Number of protein chains: 2
Amino acid sequence: MTGKKVLVVDDDAKTVELVKLYLNRDGYRVITAGDGNEALRLARENSPDLIVLDLMLPGISGLEICRILRDESDVPIIILTALTTDDDRLKGLDLGADDYVTKPFSPRELAARVRAVLRRLPGERGPEKIQHGGLIVDFLKHEAFLEGKPLNLTPIEFKLLGALVKEPGRVFSRAQIIDKALGHDFNGFDRTIDVHILKLRRKLEPDPHHPRYLKTVYGAGYKLLENTGET
Amino acid sequence: MTGKKVLVVDDDAKTVELVKLYLNRDGYRVITAGDGNEALRLARENSPDLIVLDLMLPGISGLEICRILRDESDVPIIILTALTTDDDRLKGLDLGADDYVTKPFSPRELAARVRAVLRRLPGERGPEKIQHGGLIVDFLKHEAFLEGKPLNLTPIEFKLLGALVKEPGRVFSRAQIIDKALGHDFNGFDRTIDVHILKLRRKLEPDPHHPRYLKTVYGAGYKLLENTGET
DNA sequence: TCTTTGTTTTAACAATATCTTAACATTTAT
DNA sequence: ATAAATGTTAAGATATTGTTAAAACAAAGA
């Protein structure tokens with residue numbers, strides 16, 4: 001399931017269930033929290049892709065949570081609030097919320113906003129093309145070349161090579177590779193990386209058994225050689 | 001400071017401050033106006049690189065200002081509006097606005113749109129006609145041709161092809177296609193794009209099962225091939 | 001207004017492509 | 001030599017995309 005993870009925070013169980021129902025229907029994975037502390041804990045443990053946050057919470061206030069979360073990550077936040085004065089709205093947006101919905105709300109509308117925010121945010125940054133020796137990785141075109149010849153990479157192979165080529169010479173542990181290339185929501189086995197490396201080598205090494213680009217560092221991980229020249 | 005100059009026009013001081021805060025954070029120099037006359041004056045005196053313009057203004061209306069500014073220069077304009085009927089939105093874009101954001105809005109999103117508009121700035125207003133290999137897309141006449149033969153495209157198909165042909169070779173995710181071709185108020189499913197792609201292929205590919213123009217990039221999205229040549 | 005017509009969206013299923021895992025083989029360091 | 005780490009293989013599990021048809025929607029004309 002490709003579904004993004006959404007954390008829904010509200011002290012009213014009925015509201016939570018309703019929202020969950022609609023978001024599930026849209027293919028999102030939903031985790032829920034009923035108070036501020038739980039919300040913070042779940043946010044930290046699960047690194048959701050988006051948070052729907054009620055402002056009126058027992059314990060820590062929603063605004064406070066919003067502020068804390070904003071400090072810790074860039075996760076998009078949609079505020080749920082019964083308060084309707086401009087003041088409160090702006091306070092929320094000022095704290096970095098991405099949208100807000102006032103109670104009483106239509107779950108359909110909330111679902112639409114969730115979709116909209118998730119669609120918009122994955123934004124820019126990072127170079128769009130890297131050349132390293134005879135290797136070219138073009139992120140915009142989603143193509144990679146070696147000595148002018150196109151490499152036919154699968155999504156993961158592409159991401160993996162992309163991560164390595166951003167810091168040639170640096171050794172990446174399997175865990176780091178998973179982090180940089182596959183994202184936090186990957187939950188698989190370390191050694192899966194080995195297989196992807198193997199496949200990559202087959203595609204870009206002249207002699208896969210004696211890698212010239214993609215070196216193994218025994219006990220540490222893998223690296224892309226910085227000096228692209230000969231042995 | 002290399003920062004581009006942005007003029008923000010809104011009668012609500014809080015909104016102005018909020019926007020200013022976010023734009024400053026992005027390294028832009030921000031000047032502000034609270035009504036239409038001031039906006040026109042500042043625009044003429046400071047020739048900003050971009051204008052964020054609220055439609056609801058005391059004095060001259062935002063639409064009127066948009067029209068006047070458009071007559072006087074090519075400065076990009078992003079419209080801020082609480083109006084949500086299609087009519088008003090289209091009126092704005094008709095007058096030459098480059099993008100619009102509906103209130104209530106997320107300052108983060110606005111900032112992102114400012115970046116987006118300024119990024120494609122040197123590329124001005126976009127050509128009114130693009131030829132790419134045997135493909136011609138005429139935005140003025142709203143017509144497209146392949147090898148001289150007219151393609152009978154529906155509105156969405158036309159927009160979709162138009163978005164792709166502006167950057168041949170570049171891969172667009174479904175979300176990006178939605179943003180570029182359908183507008184950010186589209187509230188539909190990602191996979192709707194697949195169907196439009198399918199229909200497009202049927203109209204412009206000699207053999208839709210082996211696309212020569214409209215390629216799928218597994219796990220990433222779709223692209224228009226840059227080299228339009230033979231097999 | 002009510003049809004009619006064409007378009008867009010969605011849901012379901014089929015066809016592919018890719019990923020993960022587990023098992024076993026090989027290499028490396030000590 | 002042996003234990004630990006990495007290489008390799010291949011099959012089952014997952015994910016992604018292609019395709020179809022019907023429902024929802026919108027535009028245009030009677």
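What you see is a predicted model; the values in this text were computed from it and never measured. Protein chains get the first letters and strands the later ones, always in sequence-line order, with residue 1 at the start of each.
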K.L.:
Taking the side chain of B:T216 as heavy atoms from C-beta outward, which of D:dT19, D:dT17, C:dT8 is closest to it?
P.N.:
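Looking only at side-chain atoms, B:T216 lies closest to D:dT17.
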K.L.:
Please work out which residues in residues 151-160 of chain B have a non-hydrogen atom less than 4.0 Å from an atom of DNA chain D and list them by number.
P.N.:
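Output list: empty, so none.
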K.L.:
Do B:E143 and B:K129 sit within salt-bridge range, that is, some charged N less than 4.0 Å from a carboxylate O?
P.N.:
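No salt bridge links B:E143 with B:K129.
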K.L.:
Salt-bridged, A:E167 to A:K180, with N to O below 4.0 Å?
P.N.:
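Result for this pair is yes, salt bridge flagged.
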K.L.:
Separation of B:I177 atom CD1 from C:dT9 atom P, in whole Å?
P.N.:
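Atom CD1 in B:I177 sits about 13 Å away from atom P in C:dT9.
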K.L.:
Nearest whole angstrom, please: distance from the P of C:dA15 to the NE2 of B:H210.
P.N.:
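Distance, rounded to whole Å: 15 Å.
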K.L.:
In whole angstroms, how far is the P atom of D:dT17 from the NZ atom of B:K199?
P.N.:
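After rounding, the gap between these two atoms is 19 Å.
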K.L.:
What string of B, S and - do you get for nucleotides 21-30 of chain C, 5' to 3', if B is base contact, S is sugar-phosphate-only contact and - is no contact with any protein heavy atom under 4.0 Å?
P.N.:
B------BS-
K.L.:
Please tell me if the side chains of A:L7 and A:T32 come closer than 4.5 Å, counting only heavy atoms from C-beta onward.
P.N.:
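Of all side-chain heavy-atom pairs linking A:T32 with A:L7, none is under 4.5 Å.
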K.L.:
May I ask you to evaluate whether A:H196 reaches the phosphate of C:dT18, defined as a side-chain N or O under 4.0 Å from OP1 or OP2?
P.N.:
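Result: no.
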K.L.:
I'd like to know if B:E226 and A:K141 make a salt bridge, using a cut-off of under 4.0 Å between side-chain N and carboxylate O.
P.N.:
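Counted as a salt bridge, because a side-chain N and a carboxylate O are separated by less than 4.0 Å.
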K.L.:
Round to a whole Å and report the spacing from CG of B:L200 to C1' of D:dT19.
P.N.:
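Computing the B:L200:CG to D:dT19:C1' distance gives 15 Å.
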K.L.:
side-chain hydrogen bond (donor to acceptor under 3.5 Å, both in side chains), that's the test. Do B:R67 and B:S61 meet it? Break it down for me.
P.N.:
CA-CA 10 Å; B:R67 205 185 49 69; B:S61 92; over 6 Å; no
K.L.:
So, does B:E157 use its side chain to make a donor-acceptor pair with the main chain of B:T154 at under 3.5 Å?
P.N.:
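Yes, because the side chain of B:E157 sits within donor-acceptor range (under 3.5 Å) of the backbone of B:T154.
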K.L.:
For B:L198 and for A:R174, find the nucleotide of DNA chain D with the closest heavy atom, then tell me which residue's nucleotide is more 5'.
P.N.:
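The residue closer to the strand's 5' end, by nearest nucleotide, is A:R174.
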K.L.:
Using whole Å, what does the distance between atom P of nucleotide D:dA21 and atom CG of B:D194 come to?
P.N.:
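About 17 Å, once rounded to whole Å.
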K.L.:
Can you identify which nucleotide, out of D:dG7, D:dG18, C:dT20, has its nearest atom closest to the A:Y222 side chain?
P.N.:
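Closest nucleotide to the A:Y222 side chain: D:dG7.
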K.L.:
In the structure I gave you, are the side-chain heavy atoms of B:I77 and B:C66 within less than 4.5 Å of one another anywhere?
P.N.:
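A side-chain contact under 4.5 Å exists here.
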K.L.:
C:dT10 C1' sits how many Å from B:L182 CG, rounded?
P.N.:
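Whole-Å distance recorded here is 15 Å.
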K.L.:
With the threshold set at 4.0 Å, does a side-chain nitrogen-carboxylate oxygen contact exist between A:D207 and A:R212?
P.N.:
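So A:D207 does not pair with A:R212 through a salt bridge.
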K.L.:
Quick check against the 3.5 Å criterion: does A:K223 have a side-chain atom that pairs as donor or acceptor with the backbone of A:T216?
P.N.:
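No, the answer is negative, given that no donor and acceptor are paired below the 3.5 Å cut-off.
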K.L.:
CG/B:D194 to OH/B:Y222 distance, rounded to the nearest 0.5 angstrom?
P.N.:
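The OH atom of B:Y222 is 3.5 Å from CG of B:D194, to the nearest 0.5 Å.
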K.L.:
Angle between the two end axes of the helix from C:dT1-D:dA30 to C:dT30-D:dA1, five base pairs per end, rounded to 10 degrees?
P.N.:
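Angle reported: 40°, given to the nearest ten degrees.
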K.L.:
Can you see if the side chain of A:H209 gets near the phosphate of D:dT8 - specifically, an N or O under 4.0 Å from OP1 or OP2?
P.N.:
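Yes, within the criterion.
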K.L.:
Tell me whether the NZ or CZ atom of B:K166 lies within the 45° cone about the ring axis of B:F139 and under 6.0 Å from its centre.
P.N.:
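Pair B:K166/B:F139 counts as cation-pi.
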K.L.:
Taking atom C1' of D:dT6 as reference, at what distance in whole Å does atom CD1 of A:I197 sit?
P.N.:
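Distance check: A:I197 CD1 to D:dT6 C1' gives 11 Å.
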K.L.:
Output the rounded distance in Å from CZ (B:R202) to C1' (C:dT7).
P.N.:
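So the two atoms are 15 Å apart, to the nearest Å.
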K.L.:
Is the backbone of B:I60 close enough, under 3.5 Å, to the side chain of B:E64 for a donor and an acceptor to pair up by distance?
P.N.:
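Checking the backbone N and O of B:I60 against the side chain of B:E64, no donor-acceptor pair under 3.5 Å is found.
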